[in-house]
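Numbering of ligands and ligand atoms starts at 1, following listing order. Any value given below was found using the heavy atoms of this structure, including those in side chains, with hydrogens, waters and symmetry copies removed.
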Amino acid sequence: MSKEGIDVLLAEKRTFPPPKEFSEKAHIKSMKDYESIYKRSVEDPEGFWSEMAEKNLTWFKKWDKVLEWSFEKPEIKWFMGGKLNASYNCLDRFIKTPIRNKAAIIWEMDSGGYRTYTYQQLYYEVNRFANILKKHGVKKGDRVTIYLPMIPELVIAMLACARIGAIHSIVFGGFSAQALRDRIQDCQAKLLITADRGVRGGRFVPLKANADEALHECPNVEKVIVVKRTDPAIDMEPNRDIWWHEEMAAHDIANYCEPEWMDAEDPLFILYTSGSTGKPKGVLHTTGGYMLFTNLTFKWIFDYHDEDIHFCTADIGWVTGHSYIVYGPLSNGATSLMFEGVPTYPNPGRFWEICDKHRVNIFYTAPTAIRALMREGESWVTRYDLSSLRLLGTVGEPINPEAWMWYHTYVGKGKLPIVDTWWQTETGGILITPLPGAMTLKPGSANRPFPGVVPVILKENGSPASVNEGGYLVIEKPWPGMIRGTYGDPENKRVKEVYFSRFPGKYFTGDGARIDEDGDYWLMGRIDDVINISGHRLGTAEVESALVSHEAVAEAAVVGYPHEIKGEGIYVYVTLKEGYQPSDDLKKILVGHVRTVIGPIATPDKLQFAPGLPKTRSGKIMRRILRKIAKGDVDDLGDVSTLADPSVVDELLKGRL
Ligand code: ATP
Ligand code: MG
């Protein structure tokens, strides 16, 4: 084992080749296909991406130059001089074709009802709303903050901003007034779009009240447009607040709004990261590269075909929703299902009920949701007819092999490919992933880089890691969907410091990974979470996967804490499945289980049973808080504004060992 890289602990050996019927119909049918496309994409990136841009997007004016970049500065420009509009690419170009009568959005309501918007209808709504934004003085380059629940108006508002060249900044509807305030202040938004209340899991979320509180400290916001979702009595501030439905019903609003000719490098949106490792970063994406990258990754990775209904369970408040509910699917003319509620309401069968009811073909969710549903037992899955599904996917965290197997066995009936997609808010779209018609899957591995993506695993000193030696995942070349900057920092100082200084001239992802003997990638968790035990550097993901492979364990989080002899010790937090009780015996059994699965090096020193783990509002385990609790450093837990349920922390403090 090396002291420089991250030690590799687990050896997952199960493999799942692509089903023949799947490969035959797939866009990318074999490893040979993939390898030749990949080779071309890295040998001639400009040729490859310009061909893709021409084929997959509609441009008002062609670009003068494909790419100009420096990871030293850093500065990245794709398709310079090219003009296009994101809303045009998602709507206008389809309404002259039979796609106009196809469902663009199926909106599944929290309560169980649903509504559908065809492309023609969505086009109508977006055009009118774009004119309303203009009427209230929103111009190209202005920022608009959107604080809405998962309702169709959210998609309409995004596309309307894109249509007139305003930069949208979506704040997840589960965030507090303070989090909203910080995000409005950061981008100096001129207008806010919100709703009276949201509904999730049968409970109401007081969005307008939160917005009112936030706006006390946001004098830059001139107007607030309010969607009526649940109709409670709310305060409307005269001269500032206006109702969405009243504006939309006005006769003097035109049904057509000319789409703005945006430069490929004009900003499309700002979005904040999840805050798992620290203070969220406001990531800026531009129009041409982002649209191309989400369009192509959606088509190839989800192997999208015209007849598919795609269900991504993310909230549009996260990048996953931006890219794979809205821009990727709609720019392909796909039917995208958006879900207002939560996976456990009214019961833990909700996702599968939705798949059954709407005959969903592609289903994309997060490991945290899979672990939560696993905990409830498979009978919630098996009672529904899931025969329409043909592809499954995951994103957000490393997926533990046991969770992968459960997903594959019960949801995929032992047949469906699963795409474990690795990416970040900063990357705009998926970078490392299986292509389901071509690749042999291994539970827990994200397989290969997408065409055009050039990753490398580096050791501490910057030299490449060898096979199966874990290290830092770094990207060497630009791809079209990558971060261009953060808002309000034209010199890109922040971006340089966070992403381009650890290994100068390369994009630093902050994640650890290894490449196995077949060339497949395994994500090992965040570099911030690596534990150093007697000189061995262990990624947290593998120890957690070992724990989750025990039948009693629903979820586990592993962190290091100061240890006199070993430097760091292993502190484990475990939540149990339904029907299991914490006990000293079970503790011993679980510690022994990790020893057998991985080996003595990974023996937990402390194991705390916990009713719940601290998670970001996007569902990721926040290990930085667990690290502080393990260490006993509990006075300042750092930025907790993105924590989903602060009461979990109190419980953990009570049970601290
Ligand atoms: P912050 O950057 O504020 O700490 P965050 O990194 O959680 O928050 P996101 O951009 O939403 O914010 O998440 C990206 C991260 O999620 C990746 O860097 C990686 O750690 C993790 N991730 C996403 N998909 C996968 C995957 N398939 N396998 C392993 N890890 C993943
Ligand atoms: Mg991050």
Checklist entry - Taking atom types as modelled and ignoring hydrogens, do the side chains of Thr320 and Tyr364 form a donor-acceptor contact shorter than 3.5 angstrom? => result no
Checklist outcome for this item: Contacts of Asp518 meeting salt bridge (charged side-chain N to carboxylate O under 4.0 Å, His left out) (sequence neighbours excluded), chain-then-number -> Lys442
Item to check | Worked verdict on Tyr304 versus His310 for ring pair (Phe, Tyr, Trp, His ring centres under 6.0 Å) | outcome: CA-CA 8 Å; Tyr304 168 70; His310 172 76; 8.1 Å; no
Next on the checklist: So that I know where these two stand, are Tyr324 and Trp423 an aromatic pair - ring centroids less than 6.0 Å apart?
Outcome noted: yes
Checklist entry - When you measure from the side chain of Glu568 to the backbone N and O of Asn532, does any donor-acceptor pair fall under 3.5 Å? => result yes
Checklist entry - Using a 4.0 angstrom limit on heavy atoms, which residues are close to ligand 1? => result Thr273, Ser274, Gly275, Ser276, Thr277, Lys281, Val395, Gly396, Glu397, Pro398, Asp420, Thr421, Trp422, Trp423, Gln424, Thr425, Glu426, Asp511, Leu523, Arg526, Lys620
Next on the checklist: Has Asn400 got a side-chain atom pairing as donor or acceptor with Glu402's backbone, closer than 3.5 angstrom?
Outcome noted: no
